[in-house]
Amino acid sequence: MLVLFETAAGYAIFKVLDESKLQQVDSLYKEFETPEKANKIVKLKHFEKFQDTTEALAAATALVEGKIGKSLKKALKKIVAKEAHEQLAISDAKLGGVIKEKLDLSCVHSPAVAELMRCIRSQMENLITGLPPREISAMSLGLAHSLSRYKLKFSPDKVDTMIVQAISLLDDLDKELNNYIMRCREWYGWHFPELGKVVTDNLAYCKTVRKIGDRTNVSSSDLSDLLPEEIEAEVKLAAEISMGTEVSEQDIGNIRHLCDQVIEITDYRAQLYDYLKNRMMAIAPNLTVMVGELVGARLISHAGSLLNLAKHPASTVQILGAEKALFRALKTRKDTPKYGLIYHASLVGQTTAKNKGKISRMLAAKASLAIRYDALGEDTNAEMGAENRAKLEARLRQLEEKGIRRISGTGKAMAKSDKYQHKSEVRMYDPSGDSTIPSTSKKRKFEEVEEEEEEEPVTPVVKMKKPKKEPVTEEEEAETSAAAEETPKKKKKKKKDKKADDETEEPKEEEEELAVTESSEKKKKKKKKKVKEEEEDDD
């Protein structure tokens with residue numbers, strides 16, 4: 001078995017003398033404790049030394065990418081000519097596949113091979129003859145520096161870091177400017193409070209304060225280059241009748257120094273914004289055309305890099321920046337957010353509230369395509385972004401005009417849809433819900449109270465199952481009337497036999513029916529009498 005070992009100085013190919021030792025992986029390190037023991041296990045077959053650091057860098061980058069470099073190919077061809085039947089132990093399985101494909105060498109990669117590589121590395125200086133230790137360490141350091149510079153130079157994320165830093169600094173400058181301007185207004189407001197109401201623009205306010213200093217100098221100072229004529233007249237009028245306190249020259253000097261800081265930071269912010277705009281147009285022109293440079297830069301900053309942003313699907317781009325709201329909505333099982341950072345794009349801002357969700361979804365879909373085109377495409381023009389933006393604007397006009405095209409048919413004719421009109425329902429107050437007592441007329445209430453008083457002594461309440469109604473003949477009525485007179489006597493007596501009980505069940509049911517019908521007839525008669533009496537009283 002042969003072993004391919006990579007070093008900073010070159011490629012070394014060892015021959016394994018005792019392959020049986022490789023089976024004992026856990027105790028293999030004991031065989032490499034001394035150089036003498038190590039030479040019994042492996043022996044240097046060939047060493048392909050790098051000529052300079054450039055060649056070493058080319059070989060290292062090829063290994064990182066899983067390719068065969070020129071020097072490695074040269075060394076392996078020599079082995080193939082001599083010992084093609086031998087197996088080649090390698091540390092990278094991907095590289096083994098490439099070697100097997102191109103040179104037809106059988107490669108081995110296993111935990112035992114990895115342990116063998118570690119053991120060879122521990123005794124590398126003794127196993128590789130003719131290579132001093134100082135040279136190996138110098139080559140290792142030089143290769144490390146060269147590889148780092150190469151990675152940094154050709155890193156796809158290197159330009160994105162500039163955008164991420166610029167947008168972060170822009171946000172920090174905005175916060176600091178707000179704090180400084182608030183402090184300046186509050187500080188100078190003790191001396192000249194009226195100026196803050198007259199001059200609303202922050203930059204103009206700071207420039208005015210820096211120029212006039214004490215409010216007594218307003219009448220003698222010329223503010224025409226800073227303020228319009230009307231506002232300048234108001235400032236001069238307000239200075240004459242100001243209610244502010246007197247301050248010393250030292251205080252005015254400190255306030256002026258603060259104004260200088262605000263003006264300098266504002267100028268730097270404008271310069272930084274121009275730099276960010278130029279960088280965005282150079283790196284992600286299509287994304288900039290779609291959503292603008294600020295929103296595009298914030299999306300890149302949030303994702304970490306343009307390449308990471310390109311890996312996100314459109315649905316993620318849509319809610320990027322609203323993660324907290326998303327997880328809160330998922331936790332409480334409510335509606336998820338429709339937009340995140342993309343909400344600040346001009347296309348979403350100019351739509352009505354009803355269509356913001358639709359436009360943000362469509363914009364995210366087109367923006368994700370633009371991001372992938374910028375990150376992975378070779379062209380640097382913004383034609384694709386401009387074309388997609390024109391489509392979105394046309395769709396936006398269509399939504400605003402309520403023009404919905406037919407899906408089937410020719411597709412040219414517009415579908416008829418009624419114009420949306422908001423119908424406001426006017427509901428009257430229902431007073432019936434105020435009281436739980438059922439609403440009935442006074443006359444009816446009075447009748448019901450009298451009926452209840454009269455009904456109490458008439459008949460006891462009997463809970464029985466409702467029997468089926470049958471037509472009653474005259475003979476049955478006579479029998480039931482006679483039976484009704486006898487019922488109170490029968491109730492007092494105790495019933496002894498079950499047969500007697502069965503015989504008396506049927507007459508009892510008939511008697512109860514009769515009693516109910518008689519009581520209902522009496523009620524009707526009483527009601528009629530009362531109604532007649534009331535009519536007579538009214539007359």
Side-chain angles (χ1 to χ4, degrees), residues 162-281 288 291-298 301 321 341 343-350:
M162 303 301 169
I163 290 173
V164 172
Q165 296 301 328
I167 192 67
S168 301
L169 180 58
L170 201 67
D171 293 339
D172 292 341
L173 284 177
D174 287 336
K175 288 177 186 175
E176 290 300 320
L177 268 174
N178 285 334
N179 290 333
Y180 279 17
I181 289 161
M182 282 172 62
R183 182 64 54 212
C184 184
R185 281 180 176 273
E186 190 177 348
W187 198 353
Y188 194 71
W190 287 98
H191 176 60
F192 191 4
E194 291 82 7
L195 183 65
K197 294 178 182 177
V198 176
V199 183
T200 53
D201 185 56
N202 293 325
L203 187 61
Y205 181 87
C206 291
K207 286 180 178 178
T208 307
V209 170
R210 186 179 65 171
K211 189 163 188 178
I212 62 176
D214 200 319
R215 70 167 183 265
T216 54
N217 303 328
V218 174
S219 56
S220 60
S221 58
D222 182 24
L223 302 173
S224 58
D225 56 336
L226 300 175
L227 303 171
E229 290 181 7
E230 301 84 11
I231 296 175
E232 184 184 358
E234 285 182 35
V235 169
K236 288 183 177 179
L237 183 65
E240 293 175 3
I241 55 169
S242 178
M243 300 292 290
T245 60
E246 296 296 329
V247 291
S248 64
E249 284 294 326
Q250 192 176 2
D251 297 333
I252 293 293
N254 281 317
I255 293 169
R256 275 180 167 167
H257 185 63
L258 179 60
C259 291
D260 289 335
Q261 294 293 319
V262 171
I263 293 162
E264 284 176 16
I265 293 172
T266 307
D267 293 341
Y268 176 61
R269 189 202 175 279
Q271 180 189 344
L272 185 67
Y273 178 70
D274 290 337
Y275 164 76
L276 181 65
K277 194 188 293 185
N278 294 333
R279 296 305 299 165
M280 280 297 294
M281 280 306 294
T288 307
V291 297
E293 52 276 338
L294 282 177
V295 178
R298 285 198 172 93
S301 175
L341 290 168
Y343 179 80
H344 301 289
S346 58
L347 276 171
V348 180
Q350 67 192 24

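Hydrogens, waters and symmetry mates play no part in the numbers below; they use all other heavy atoms, side chains included.
Separating the CG atom in Asn178 from the CG atom in Leu173 is a distance of 11.0 Å, to the nearest 0.5 Å. Annotation: the span from Ile265 atom CD1 to Asp174 atom CG amounts to 11.0 Å, rounded to 0.5 Å. Distance SG/Cys184 to CG/Asp260: 10.0 Å, rounded to 0.5 Å. Residue Ile163 holds its CD1 atom at 13.5 Å from CZ of Arg298, rounded to the nearest 0.5 Å. Note that the OG atom of Ser301 and the CD atom of Gln165 stand 8.5 Å from one another [nearest 0.5 Å]. Distance CG/Leu223 to CD1/Ile231: 11.0 Å, rounded to 0.5 Å.
Here the shortest heavy-atom pairing between Leu258 and Trp187 reads CD2-CE3, 4.0 Å. Across Tyr188 and Asp214, no two heavy atoms sit closer than the pair OH-C, 4.2 Å. Val291 approaches Gly296 most closely through the heavy-atom pair CG2-N, 3.7 Å. The two residues Ile212 and Ser221 make their nearest non-hydrogen contact at CG2-OG, 3.5 Å. When all heavy atoms of Thr245 and His191 are compared, the pair lying nearest together is O-ND1, 2.9 Å. Across all non-hydrogen atoms, the minimal contact from Leu341 to Gly321 is CG-CA, 4.1 Å.
The salt bridge (Lys or Arg N to Asp or Glu O under 4.0 Å) check on Glu240 picks up nothing, with sequence neighbours excluded. Take Asp267 and apply the salt bridge (Lys or Arg N to Asp or Glu O under 4.0 Å) test, not counting sequence neighbours, and it matches no residue. Asp225 is linked by a salt bridge (Lys or Arg N to Asp or Glu O under 4.0 Å) to Lys211, counting only residues two or more places apart in sequence or in another chain. In this structure Glu176 satisfies the salt bridge (Lys or Arg N to Asp or Glu O under 4.0 Å) test with no other residue, sequence neighbours excluded.
Using a distance-only test at 3.5 Å, with no hydrogens or angles considered, no donor-acceptor pair links the side chain of Asp251 to the main chain of Val247. Between the His344 side chain and the Val295 main chain, no donor and acceptor come within less than 3.5 Å of each other.
Screening residues 199-208 for side chain to side chain donor-acceptor pair (under 3.5 Å) gives Arg185-Asn202 as the qualifying pairs, with residues at least two apart or on separate chains.
Glu234 has its side chain out of reach of Leu227: every pair of non-hydrogen atoms, C-beta onward, lies at least 4.5 Å apart. Using a 4.5 Å heavy-atom cutoff, the side chains of Val209 and Val199 are not in contact. Within the 4.5 Å cutoff, the side chain of Ser220 has heavy atoms near those of the Asn217 side chain. You'll find the side chain of Gln350 reaches within 4.5 Å of the side chain of Leu347, heavy atoms only. Met243 is listed as a side-chain neighbour of Glu194, based on a closest heavy-atom distance under 4.5 Å.
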Give every donor-acceptor pair under 3.5 Å between a side-chain atom in residues 270-280 and any protein atom, sequence neighbours left out.
unit_1 : atom_1 : unit_2 : atom_2 : d
Tyr273 : OH     : Glu293 : OE2    : 2.8
Asn278 : ND2    : Asp274 : O      : 3.2

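Between Glu246 and Arg215, at least one side-chain N (NZ, or NE/NH1/NH2) sits under 4.0 Å from a carboxylate O, which counts as a salt bridge.
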